[in-house]
Amino acid sequence: MGKKRPSGSGAPLAGGALPNLPSSSLWFYSAGECQLSRCPLEFSGIRQVSCSLRHVAVVLSDGRVALCATQEAGALPTGKPKYFSLGKLKVTAVDCGLSNMLLLSADGKLHEHDYVASISPFHPIKRLHDRRIIQVACGDHHCMALSKAQYLPTLVEALWNKGVEFVACGAEHTAVLSKDGLVYTFGAGEHGQLGHKYAKHEPLPRLVVELHEVHVTQVACGRHHTLAYATSSKTVYLFGVEEQQQRSNGDIHGRFMALPMQLPELDNHGKKGTSGRTYKIIAGGNQSAVVLLEEKFCDRGMNRQIAKVEPGMPERWLADGNSDQRRRTKQEIKQIFSSTACVNGSFLQPREKDCKTSDISWIDLKAASHFFDMIANREQVLQQISSCLKNYIIPELSQLPAHRDALAIFLLLPECSLMHGSQESLPLVAAFATAVNNLKPTSLKILEKLWSSLSASSLSKHVLMLTKVIVSPLNSTYMTLQDYEIVNQILETLKKLYKVNMKANIGLPVEEFYIHELCDSQFLCDDVRAWHTLKQENVDDSCMPLLCIQFPFLLNLLAKRQVLQIDLALKQKVEVLSLLMNCMEESSQVPGFPFFFLTVRNTNILEDTLDVLSTAKDCDLRKALTVEIIGMSSFDQDALKRILFNHVFEDMLNPEYGMFVQCGQFSPLWFPANPSFEPKTYFLFGILCGLTIFNCASIYLPFPLALFSKLLDQQPTLADLKELDPVRGRSLQELLDYEYEDIVDNYEVCYIATWDSHTVDLIPNGSDTSVDNSNKHDFVNKYVDYVFNKSVEVVFEQFKRGFYKVCEKELLKEFHPKELRSIIIGNEEYDWKKLEQNAEYAGVYEQQPPHPTINIFWEVFHELPLSEKKKFLLFLVGSDCVPVFGMDFLKITIMSSPSFTEDHLPYAQTCFLTLKLPPYSKKEVLKEKLLLAICHNRGFHEEDQ
């Protein structure tokens with residue numbers, strides 16, 4: 001301790017000798033002075049003392065700890081000590097640091113106490129819960145813990161798929177016998193006990209070549225020697241050297257290589273003939289022995305098996321037997337279903353030698369499914385299995401070793417009907433999900449590999465098991481903290497399965513993950529509102545499960561669209577409240593408006609729109625859009641928005657406008673490699689696309705799926721190039737498929753890309769680098785990367801920046817590209833009968849029964865091929881896709897005009913979704929005129945003149 005101490009008698013130290021001190025008293029030595037001073041505090045039964053700069057801790061014989069503080073650094077402790085205990089556990093050791101101390105309990109667990117903590121006086125150090133600590137030490141700013149050495153089982157990877165049937169151990173070596181009669185040895189070899197012709201250690205199992213042609217049926221190990229026995233030749237092979245001679249039916253000297261020893265054909269009375277009997281070899285210490293046993297008593301030690309479901313066992317369990325049979329059934333069920341190894345061993349296929357470590361062909365999922373189906377209606381059996389799962393299997397799941405054999409239980413449990421109820425299955429499924437999430441990274445990686453090998457139907461059972469049980473807690477009136485934890489664990493496991501399904505391309509439709517009960521408008525509204533609250537309070541959203549942010553894959557497309565609408569409504573509501581508050585606080589200022597006014601002239605819609613957007617503030621873009629088109633004051637807002645968006649996008653996407661390029665007349669559009677417009681124009685185009693989402697408008701946007709992939713930070717592939725430029729895409733695919741050596745001469749392709757009327761090198765000196773079988777995949781990847789990324793980097797980034805000026809990236813990031821495309825332009829889930837059912841009629845066509853022209857119109861329409869029907873939608877609606885909410889939200893009106901004759905063509909008012917149809921009397925004429933209109937005209941917004 002330091003120099004200062006309270007006054008009182010002291011015991012001087014002379015020559016380093018300690019004076020005789022009273023027992024159980026506490027004395028301190030002052031640094032710099034040969035003086036011992038007695039602590040003014042009295043303790044009973046002192047077992048250990050630890051000191052730091054300002055604290056002294058004393059471990060007492062009753063297992064408590066007394067903590068004393070000093071008034072200043074180096075002073076003796078004064079004042080009343082604080083006493084701590086670990087309940088029934090005694091504290092055996094303690095050490096103090098500058099700001100904390102460590103306590104070691106009798107069971108080897110480590111606990112920490114913070115001197116200034118105002119909560120629990122101590123808490124366990126969970127990261128060391130599986131280690132037995134024997135000593136602790138603290139410095140000012142670091143701590144050390146010494147654990148007792150523990151030898152943990154380690155998988156011998158080298159023996160994987162060797163078909164191991166039996167293992168024998170000597171003092172420092174091991175012998176392994178396979179089902180094929182091969183012997184592998186490893187370990188110490190200085191006595192020749194490994195049989196490899198030399199005295200050398202082998203860290204990994206190595207085949208005993210001398211026995212390769214011999215079908216060995218038994219192995220045994222002594223201290224420094226090994227025996228192998230071949231039943232067919234009744235021969236024992238011995239290798240290894242001992243300090244003394246081995247004795248077995250005579251003197252046998254150990255050897256460095258396996259040499260045979262013929263056994264006599266004698267029975268147990270010395271008579272010839274061994275019918276019904278077999279030899280059993282035994283080795284131990286420095287001894288070897290051969291015993292002749294009756295076959296029924298000789299299982300060779302290799303046929304012992306763990307308890308598992310045997311053929312005929314389920315039928316016996318289901319039978320109504322006597323009390324002894326029921327007792328036996330209960331015993332068998334507990335024996336099997338209290339161990340993951342027994343459950344896994346019950347449903348194994350014969351293991352193939354070439355079975356890959358990520359393959360699951362060795363797991364008999366069909367047999368497991370059949371077994372659980374058999375017992376599904378036997379309540380008593382199910383209850384017993386359920387009890388075992390709860391008490392034995394589930395608790396040990398997260399502690400399983402990191403090996404696929406052990407983790408197979410995670411594939412088998414979803415086959416059990418007990419995991420597929422609703423409320424009753426919740427505890428089991430919740431514990432299952434928690435175990436998955438608590439797996440160590442190595443184990444989780446192995447499990448994900450096993451999942452990736454599942455078929456879509458098997459993976460579907462896993463998903464269904466989780467999606468069924470989660471509905472109950474989510475729909476409860478009041479969710480407790482425990483409910484939130486259960487829900488979060490299940491959702492996290494679903495997310496892992498979803499990622500595996502997408503990454504491994506298993507083929508399970510994303511619709512399988514949808515939980516339709518969660519797509520309720522009120523539930524989504526509460527979810528988005530909670531997210532807004534967390535953002536405003538700057539709280540991490542991981543503290544509670546939010547479907548819209550963390551688990552959007554559980555929501556169908558309509559629900560995701562609703563999330564965007566709810567987000568829009570909440571933001572606009574916040575904007576209104578903000579304006580009102582500002583108005584109340586600063587009454588002298590003119591209040592702002594919660595609307596984004598977009599005023600354009602009818603004769604100059606595109607240019608005026610771009611001018612307004614170029615000067616708009618970021619906050620204005622997310623306000624409610626209000627459109628005013630000078631000269632069209634009689635239209636409502638829905639019609640004006642449709643007019644604006646249809647006109648602007650029709651002009652900007654027109655190939656003659658020159659803003660985008662097209663590989664062919666009917667090919668999608670793409671961004672130019674050498675744009676003639678300023679980057680800002682593409683930025684404004686991105687804002688326009690964002691406004692369509694923000695204002696629930698569908699537009700015609702003839703771009704490939706790659707556009708939506710890039711918006712979601714996903715890389716385009718060759719498949720995207722095939723969509724954008726089918727001819728070029730097919731050529732590159734043919735190059736990849738060509739496997740002959742003359743590829744250079746046959747194709748004569750270099751590392752260059754010709755795109756948008758320009759040719760560039762894909763690598764330095766690309767024009768001088770030929771493409772062959774060794775680099776063709778790299779060439780194709782670089783070609784695709786150039787077309788979709790490098791050639792359009794500047795303009796696309798401007799487009800993307802404008803898009804996310806309006807849209808909430810955090811809400812869109814988990815969309816699939818196809819979903820984002822559907823949100824913007826609609827989908828192709830056509831229901832033409834519903835289009836007819838929802839149609840309304842005006843003018844002369846508004847009559848019952850339907851007008852003859854209406855009858856022949858629908859006859860003609862339904863006979864059109866799909867391509868022509870899509871052209872009709874484009875002609876009438878401005879888009880060839882169905883709105884994201886379906887055909888129910890697409891209501892068209894068909895009307896005529898007094899000035900129409902059969903010589904007129906039909907035309908459309910896209911702003912009103914109205915078809916102006918002349919009163920044709922003949923089907924042939926109507927079809928001819930309709931096709932002529934939809935193939936050469938687009939619908940417009942002008943009124944009938």
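All residue numbers refer to positions in the sequence shown, counting from 1.
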Is a side-chain donor or acceptor of [X] paired with a backbone partner of [Y] at a separation under 3.5 angstrom?
X      : Y      : value
Asp720 : Thr717 : yes
Tyr783 : Thr754 : yes
Thr759 : Trp755 : no
Asp831 : Met887 : no
Asp756 : His758 : no
Gln798 : Tyr682 : no
Tyr907 : Ala933 : no
Thr914 : Phe912 : yes
Ser667 : Gln662 : no
Asn765 : Asp768 : no

Is there side-chain contact between [X] and [Y], with at least one heavy-atom pair below 4.5 Å?
X      : Y      : value
Lys809 : Phe803 : no
Leu707 : Trp670 : yes
Ile752 : Leu762 : no
Lys833 : His862 : yes

Could [X] and [Y] be called an ion pair, given the rule that one side-chain N must be under 4.0 Å from one carboxylate O?
X      : Y      : value
Lys923 : Glu859 : yes
Asp618 : Lys805 : yes
Arg622 : Glu808 : yes
Glu723 : Arg728 : no

[X] to [Y] six-membered ring, cation-pi geometry met (6.0 Å, 45°):
X      : Y      : result
Lys710 : Phe788 : no
Lys869 : Phe861 : yes
Lys495 : Phe551 : yes
Arg801 : Phe683 : yes

> Does the side-chain contact (heavy atoms from CB on, under 4.5 Å) test come out yes or no for Phe671 and Val661, once each step is laid out?
Replying inline: CA-CA 6 Å; Phe671 296 83; Val661 296; over 6 Å; no
> Where does the angle between the aromatic ring planes of His816 and Tyr498 fall among parallel (under 30°), tilted (30 to 60°) and perpendicular (over 60°)?
Replying inline: tilted
> Using the ring of each side chain (for Trp, its six-membered ring), is Phe703 parallel, tilted or perpendicular to Phe660, with breaks at 30° and 60°?
Replying inline: perpendicular
What I want to check is whether the side chains of [X] and [Y] have a donor and an acceptor closer together than 3.5 Å.
X      : Y      : answer
Lys722 : Gln733 : yes
His647 : Asp651 : yes
Gln715 : Asp785 : no
Asp778 : Tyr751 : yes

How long is the straight-line distance from [atom2] of [Y] back to [atom1] of [X], given to the nearest 0.5 Å?
X      : Y      : atom1 : atom2 : value
Tyr804 : Ile687 : OH    : CD1   : 14.5 Å
Leu732 : His777 : CG    : NE2   : 12.0 Å
Leu644 : Asn695 : CG    : CG    : 10.0 Å
Glu511 : Phe513 : CD    : CZ    : 10.5 Å
Cys689 : Phe649 : SG    : CZ    : 4.0 Å
Leu890 : Ser698 : CG    : OG    : 9.5 Å

> Under the ring-ring contact (aromatic ring centres under 6.0 Å, His included) criterion, do Phe799 and Phe796 qualify, and how do the steps go?
Replying inline: CA-CA 5 Å; Phe799 163 73; Phe796 190 87; 5.5 Å; yes
> Mind checking what makes ring pair (Phe, Tyr, Trp, His ring centres under 6.0 Å) contact with Phe645, not counting sequence neighbours?
Replying inline: none
Does [X], at its [atom1] atom, have more than 12 non-hydrogen atoms belonging to other residues, nucleotides or ligands within less than 6.0 Å?
X      : atom1 : result
Lys776 : NZ    : yes
Glu829 : CD    : no
Glu607 : CD    : yes
Glu741 : CD    : no

> Leu555 and side chain to side chain contact (heavy atoms under 4.5 Å, CB included): which partner among Lys560, Arg561, His516, Gln562?
Replying inline: Lys560
>> If the test is side chain to side chain contact (heavy atoms under 4.5 Å, CB included), which one of Leu450, Leu447, Ile446 qualifies with Phe410?
In response: Leu447
Of all the heavy-atom pairs spanning [X] and [Y], show the shortest one and how long it is.
X      : Y      : result
Val784 : Pro716 : CG1-O, 3.9 Å
Phe875 : Ala908 : O-CB, 3.4 Å
Phe596 : Leu691 : CE2-CD1, 4.5 Å

> Passes side chain to side chain donor-acceptor pair (under 3.5 Å), Tyr700 versus Asn646? Steps please.
Replying inline: CA-CA 8 Å; Tyr700 179 64; Asn646 285 341; over 6 Å; no
> Run the side-chain contact (heavy atoms from CB on, under 4.5 Å) check on Leu812 and Leu564 step by step: do they pass?
Replying inline: CA-CA 9 Å; Leu812 292 177; Leu564 297 179; 4.0 Å; yes
>> Checking Leu684 against Ser614 for the side-chain contact (heavy atoms from CB on, under 4.5 Å) test, could you report, in this order, the C-alpha distance in whole Å, the side-chain angles of both residues, the deciding distance, and whether it holds?
In response: CA-CA 7 Å; Leu684 297 177; Ser614 63; 4.3 Å; yes
> Given the rule in the salt bridge (charged side-chain N to carboxylate O under 4.0 Å, His left out) test, do Asp713 and Lys800 qualify, once you have shown the distances and angles that lead to the verdict?
Replying inline: CA-CA 10 Å; Asp713 297 325; Lys800 185 177 181 179; 2.3 Å; yes
>> Test: ring pair (Phe, Tyr, Trp, His ring centres under 6.0 Å). Region: residues 705-727. Which pairs qualify, not counting sequence neighbours?
In response: none
>> side-chain contact (heavy atoms from CB on, under 4.5 Å) for Leu721 and Val787? Distances and angles first, verdict last.
In response: CA-CA 8 Å; Leu721 185 58; Val787 171; 4.0 Å; yes
>> Assess the residue pair Ser458 and Ser455 against the criterion (side chain to side chain donor-acceptor pair (under 3.5 Å)); give the C-alpha distance rounded to whole Å, side-chain angles, the decisive distance to 0.1 Å, and a yes or no.
In response: CA-CA 5 Å; Ser458 294; Ser455 65; 3.2 Å; yes
